[in-house]
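The structure presented is a predicted model; accordingly, all values stated were derived computationally and were not measured. In the text below, chain A, chain B and the rest are named by the order of the sequence lines, each starting its count at 1.
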Protein chains: 2
Amino acid sequence: MLKTFSIKEVAKKFDLSISTIRYYDKRGLLPFVAKNAAGYRIFTETDLNLIKTIVCLKNTGMSINNIKTYIELVMAGPSSIDERKKLLLNHRRQVLQEQQVLADNLREVDFKIKKYESPDAESVIKNELEYVAREKKKLNL
Amino acid sequence: MLKTFSIKEVAKKFDLSISTIRYYDKRGLLPFVAKNAAGYRIFTETDLNLIKTIVCLKNTGMSINNIKTYIELVMAGPSSIDERKKLLLNHRRQVLQEQQVLADNLREVDFKIKKYESPDAESVIKNELEYVAREKKKLNL
DNA sequence: GGTTGCCCTAAACTATAGTTTAGGGTTTAA
DNA sequence: TTAAACCCTAAACTATAGTTTAGGGCAACC
């Protein structure tokens, strides 16, 4: 028999809260999820694949609105393949850029850490402080 | 003479909006910025160094509150070097983890893109759709 | 000396992404 | 058959990070 999953099981599987899943549904990210007679969400195996994709897009910083657009394209069937590809390629570019920003700025953080690890950190920083004080004094600030 | 900068110049230099700089000040990120008799913020060269650090921490995803903590440590002088180092090392760990998440999930996105780029993408996706339909039918969903 | 451009604060407003609460049905296992 | 464990919606609430607006003061140039 085909296995189905409750909202609680799905939440656990993807490390989301139940309310987040409900929120995603309300925001239109889960139009493919069926409900039983009592109104309970019933998740199938293939639903989980799509949810994995949603989580993946979320984890790379895509907004709910854009994820919704992607899901709508998926629901539209094969005719939307080109648009889906365009959307994902665009997203990919943004992620690469974000990675670049992260890497560049992390290097700066690393410089600071090294500075603090240096044996003469204390005197260096004292000097900097004195310089700042002189600078403000000169400017009457 | 020592050069100083207006809020507008600083905003331009760091690609921030003027209101963001005011907001940062209000949140306690700029306790080192002096004001002239008229209440105008006057930024010195060394102020810019600290602002660069703030932007750097922001660009690596640190919250305003944690940046504030870091700035407070800086203002406390050399005695806080150890704590600053700890804070930055901790942040560094989080950034590395975020980079990992980004990289892992981007790989998934790349898989999807490749799938859409394949010549038989259309038939593959048609088959998937039919599978999903059969699945839901079997489950009476 | 007035007009244009800058600067200020305080407070309200916005966007995004959820979380929590209230009130109420359903399922399951003793 | 009832209590515990689940599930539901709607709506209010929260957190974060700003942006916008209202109402005024400075500054600098013509």
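- Taking 4.0 angstrom as the limit, A:Lys35 places a side-chain polar atom (N or O) nearer than this to OP1 or OP2 of D:dT9.
- Counting non-hydrogen atoms of neighbouring residues, nucleotides and ligands closer than 6.0 angstrom, the NZ atom of B:Lys137 reaches no more than 12 such neighbours.
- Of all the residues in residues 8-31 of chain A, A:Ser17, A:Ser19, A:Thr20, A:Tyr23, A:Tyr24 reach under 4.0 Å from DNA chain C with at least one non-hydrogen atom.
- When each of B:Gly39 and A:Met62 is assigned the nucleotide of DNA chain C with its nearest heavy atom, B:Gly39 is the one assigned upstream, toward the 5' end.
- Heavy atoms of other residues, nucleotides or ligands lying less than 6.0 angstrom from CG of A:Asp120 number more than 12.
- One finds a side-chain N or O of A:Arg41 lying less than 4.0 angstrom from the OP1 or OP2 phosphate oxygen of D:dC8.
- Atom CG of A:Asn36 and atom P of D:dC7 are 11 Å apart (whole Å).
- Of all nucleotides listed (C:dT26, D:dA17, C:dA17), D:dA17 comes nearest to the side chain of B:Ile64.
- If you check the side chains of B:Thr44 and B:Asp47, you find a donor sitting under 3.5 Å from an acceptor.
- When the nucleotides C:dG25, D:dT9, C:dC8 are ranked by their closest atom to the side chain of A:Tyr40, C:dG25 comes out on top.
- If you measure from atom CD1 of B:Ile7 to atom C1' of D:dA27, you get 16 Å, rounded to the nearest angstrom.
- Interatomic distance, B:Arg84 CZ to A:Ile125 CD1, rounded to the nearest 0.5 Å: 4.5 Å.
- Per the geometry, CD1 belonging to B:Ile42 stands 15 Å off P belonging to C:dC6, to the nearest Å.
- In this entry the distance linking CD1 of A:Ile67 with C1' of C:dA17 reads 11 Å, nearest Å.
- For A:Glu108, the CD atom counts as densely surrounded, since its 6.0 Å shell holds more than 12 non-hydrogen atoms of other residues, nucleotides or ligands.
- A:Val109 approaches B:Cys56 most closely through the heavy-atom pair CG2-SG, 3.9 Å.
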